[in-house]
Number of protein chains: 2
Amino acid sequence: MSIRAGIVVTGTEVLSGRIADRNGPWVSQQLLELGVDIAHITVCGDRPDDLAAQLGFLTDQRVDLIVTTGGLGPTADDLTVAAVADFTGRALRSDDRIRAVIESVIRNWRKYDDDLPSAVVAAIDKQALIPLGAEAIPPTGTAPGVAVPATGGLPAILVLPGPPHEVQAMWPSAVATEAVEAAIAGRAAYDQHTIRAYGLSEADLAVSLRDAEGTVDGFGDLEITTCMRGGELEIVTRFETVAAQAYQTLEALLLERHGDRVYSTDGSSIGDVLAGLLGDRTIGTAESCTGGMVAAALTDRAGSSAYMLGGVVSYADEVKSGVLGVPPELIDELGAVSEPVAAAMADGARRVLGSDVAVSTTGIAGPGGARPGKPVGTVCFGVAVSGRETVTVTRHFPGDRDSVRRLATSAAMHLVAQALR
Amino acid sequence: MSIRAGIVVTGTEVLSGRIADRNGPWVSQQLLELGVDIAHITVCGDRPDDLAAQLGFLTDQRVDLIVTTGGLGPTADDLTVAAVADFTGRALRSDDRIRAVIESVIRNWRKYDDDLPSAVVAAIDKQALIPLGAEAIPPTGTAPGVAVPATGGLPAILVLPGPPHEVQAMWPSAVATEAVEAAIAGRAAYDQHTIRAYGLSEADLAVSLRDAEGTVDGFGDLEITTCMRGGELEIVTRFETVAAQAYQTLEALLLERHGDRVYSTDGSSIGDVLAGLLGDRTIGTAESCTGGMVAAALTDRAGSSAYMLGGVVSYADEVKSGVLGVPPELIDELGAVSEPVAAAMADGARRVLGSDVAVSTTGIAGPGGARPGKPVGTVCFGVAVSGRETVTVTRHFPGDRDSVRRLATSAAMHLVAQALR
């Protein structure tokens with residue numbers, strides 16, 4: 001039996017595009033792992049009518065659970081709890097236990113002497129209000145969560161705070177509430193597998209999937225979604241555990257056709273794969289156009305200090321020469337965006353950082369800087385591995401400055417992986 | 001008169017949280033700048049029924065314009081155009097002019113000889129289908145956009161592709177279509193101003209806003225939203241141009257109370273502010289826990305090569321000593337996460353990179369690595385400015401590894417700005 005959920009992300013700052021929402025995607029992934037389908041995600045501003053309209057829409061869509069994030073703060077535009085109470089026809093009551101928790105958190109946090117300022121007291125009073133019959137979830141910041149049980153044709157509603165680290169810290173106790181447990185009981189057991197490829201186009205994959213439709217028994221039981229991001233094609237397949245055989249057949253078919261482009265079949269990221277390929281070797285970076293993004297990607301993973309020594313961001317030519325030892329005449333003759341300079345940067349990084357492996361980037365992220373024969377988006381890479389000839393390659397990436405920098409960062413990671421395979 | 005729009009972001013990869021949507025926020029900001037209000041953003045998977053339900057919801061909400069992104073690709077799960085045609089009761093016809101454009105784009109892109117593979121022909125045929133009476137918008141990738149005029153109680157619907165750079169390239173011609181122009185005609189003229197502060201809490205701001213409500217004439221005409229991100233508090237106020245005087249009064253009040261925390265009143269980012277404060281001075285970085293994120297932030301801005309020389313990511317202690325010249329005994333005695341080491345890193349960066357200014361980070365991003373008295377989230381910073389004593393500070397940041405790294409990156413930028421003021 002399929003359980004459907006809707007997610008409501010609140011906040012005018014999200015609706016107006018001034019902040020990228022991190023809660024909707026995270027909550028969605030948690031629910032999918034629990035075996036709950038996601039029907040809709042809606043984003044709404046700090047307007048009670050719009051929030052009520054979205055709760056009504058999701059109820060009409062017969063979801064079993066609504067999860068909201070945001071709007072639990074102390075300010076007047078934080079109105080989620082009041083709106084949910086109103087929507088479910090429940091009065092608000094002050095929860096003394098929760099109120100005490102919030103007050104102690106705030107006292108620890110702001111180091112007040114005995115008397116709290118009235119504005120702070122008002123904020124605590126507001127955040128301690130819980131709809132009648134709902135379960136308060138202890139705050140992981142200052143705002144408690146709320147779990148409202150399903151009643152009278154309304155779905156269960158789980159109200160979570162806005163800050164992503166508060167949402168993530170509160171999640172375990174939130175799914176353990178009676179209201180949520182009841183709402184998602186009886187869900188089917190799902191498996192989800194992720195295949196990741198680099199340099200494989202969606203069009204080429206589409207051809208293989210069309211063929212698989214005819215040759216793979218039970219293909220129809222597989223929910224396949226593909227997503228191109230940073231030059232990486234992610235193929236995620238979700239299925240009830242009974243359809244495991246169909247997935248095995250599909251994976252075999254895709255590996256047979258595109259095995260040279262597939263870098264992971266267990267969901268591991270290029271960072272994970274790189275860590276494995278490095279073994280006991282160390283790595284460093286020399287970056288120009290990516291300006292530190294490759295080093296940031298290599299240090300993103302917990303435990304990366306086991307293999308990542310560091311990097312040199314040689315944005316200015318003087319740093320390319322002065323720190324990495326790139327011959328100035330090489331830059332004068334060929335320009336900083338050239339494969340010989342990329343090679344010298346990678347070799348220099350290995351020497352300066354003392355790493356076994358090094359990768360370099362030098363390119364034109366734009367909007368300015370284009371040269372004859374070197375349009376914006378041109379990026380040269382170098383990969384140096386101890387005991388081997390340093391290899392270089394030039395790529396051209398589409399999009400704006402941000403897009404070029406992201407695609408170049410992804411390409412650098414994959415070029416190293418290719419060199420180490 | 002207020003014009004309201006709804007945005008529908010399609011794609012199971014977005015709904016399931018495997019990719020962060022970049023189109024909803026971008027389109028939302030463009031519409032707001034045009035003077036159009038955003039009522040709702042909805043995210044839906046590649047299921048025709050859910051898409052139809054969201055189009056119906058936004059129509060019930062009486063929006064004047066719906067903008068969709070995604071679902072225009074060649075694969076079977078790309079079904080936005082068909083769903084919109086169905087929702088508006090329009091048949092699909094092949095647009096020969098657009099079909100020719102798509103084919104030429106693909107021939108340029110994949111370098112086919114005369115005969116295109118049948119799968120590619122099928123893809124082109126699919127992408128050239130346009131609802132009757134709708135205007136096709138030439139592709140900026142391979143997929144054309146579609147503008148469907150408002151008719152019979154239905155809002156105008158603008159159908160855009162999924163890749164952000166295609167959306168952004170197509171936007172000017174999309175808003176110039178008759179359907180969109182008619183839908184947003186008669187909108188009021190709006191102004192929007194942004195104040196940015198660092199180290200100011202939402203609670204303290206809330207107190208000032210409550211007071212402003214009583215003292216600022218026309219406060220009710222101001223649509224104020226606040227947003228805390230990376231330790232920065234963003235205060236965005238949107239108002240019809242007639243309410244400009246009220247905004248001036250509010251801004252004066254906020255500057256009087258929180259001027260020491262406000263770093264920008266014209267919407268400029270900390271990167272912009274830093275560029276201005278540097279003047280003709282150059283800057284460099286020495287990073288450990290942020291692993292290149294500070295350098296990436298400093299090179300994010302077009303033209304940053306005028307002042308950003310580069311940086312050293314000294315993730316390993318050997319690099320702190322070997323490249324930046326941090327005395328090993330200092331690291332042995334006090335640990336790498338200590339203010340003296342942060343100071344030595346910043347001084348080393350200035351010396352090695354030859355910059356006038358340098359900022360350093362060394363901390364514990366977690367999840368491991370905590371030491372007695374140095375919990376996860378502890379980060380030491382150093383700021384070195386030529387001709388001055390190098391300053392250091394220690395901060396503690398909440399959240400997971402990613403959160404600590406983000407907050408530390410933001411703090412590094414602001415510490416430099418404070419030092420240069």
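First the proteins, then the strands, lettered A, B, ... as listed; each starts at 1.
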Applying a strict 4.5 Å limit to non-hydrogen atoms, the region of Glu166(A) in contact with chain B is neither
Value for CZ (Arg4(B)) from CG (Leu58(B)), rounded to nearest 0.5 Å, stands at 9.5 Å
Okay, Val207(A) and chain B: the region with an atom under 4.5 Å from a heavy atom over there is side chain
Assert top hit (heavy-atom pairs under 4.5 Å, partner chain B, pool Ala39(A), Ser118(A), Ala123(A), Pro163(A)) equals Ala39(A)
Under 4.5 Å to a heavy atom of chain B? For Ser314(A) that would be backbone
The residue among Leu31(A), Val43(A), Thr42(A), Val63(A) that forms side chain to side chain contact (heavy atoms under 4.5 Å, CB included) with Ile7(A) is Leu31(A)
Ranked by heavy-atom pairs below 4.5 Å to chain A, first place among Pro398(B), Pro25(B), Ala20(B), Cys289(B) goes to Pro25(B)
Cut-off 4.5 Å, heavy atoms of chain A, and the answer for Thr194(B) is neither
Cut-off 4.5 Å, heavy atoms of chain B, and the answer for Gln168(A) is side chain
Pair count under 4.5 Å, heavy atoms only, with chain A: among Val236(B), Val312(B), Thr285(B), highest is Val236(B)
Counting heavy-atom pairs under 4.5 Å with chain B, the top scorer among Met308(A), Glu202(A), Glu13(A), Arg18(A) is Arg18(A)
Does the pair Arg22(A) and Asp402(B) meet the rule for a salt bridge (charged side-chain N to carboxylate O under 4.0 Å, His left out), with working shown?
CA-CA 12 Å; Arg22(A) 288 166 58 203; Asp402(B) 183 55; 3.5 Å; yes
Of Ala302(A), Gly73(A), Gly141(A), Pro367(A), the largest count of non-hydrogen pairs under 4.5 angstrom with chain B goes to Ala302(A)
Looking only at Gly311(B), Ser28(B), Gly310(B), Ala206(B), most heavy-atom pairs under 4.5 Å shared with chain A are made by Gly311(B)
If one checks every heavy atom of Leu32(A) against chain B at 4.5 Å, the contacting part turns out to be side chain
The interface call for Thr282(A) against chain B, heavy-atom contacts under 4.5 Å, is neither
One pair to check against ring pair (Phe, Tyr, Trp, His ring centres under 6.0 Å): Phe57(A) and His40(B). What are the steps and the verdict? CA-CA 12 Å; Phe57(A) 168 65; His40(B) 305 272; 9.0 Å; no
Item to complete: Please check if atom CZ in Arg62(A) has more than 12 non-hydrogen atoms from other residues, nucleotides or ligands closer than 6.0 Å.
Response: no
Per-residue tally against chain B (heavy atom, under 4.5 Å) across Glu223(A), Glu318(A), His165(A) peaks at His165(A)
One option among Gln61(A), Met228(A), Arg210(A), Gln54(A) has the most heavy-atom pairs under 4.5 Å with chain B, and it is Gln54(A)
Item to check | Ser16(B)-Arg238(A) side chain donor-acceptor pair, cut-off 3.5 Å | outcome: no
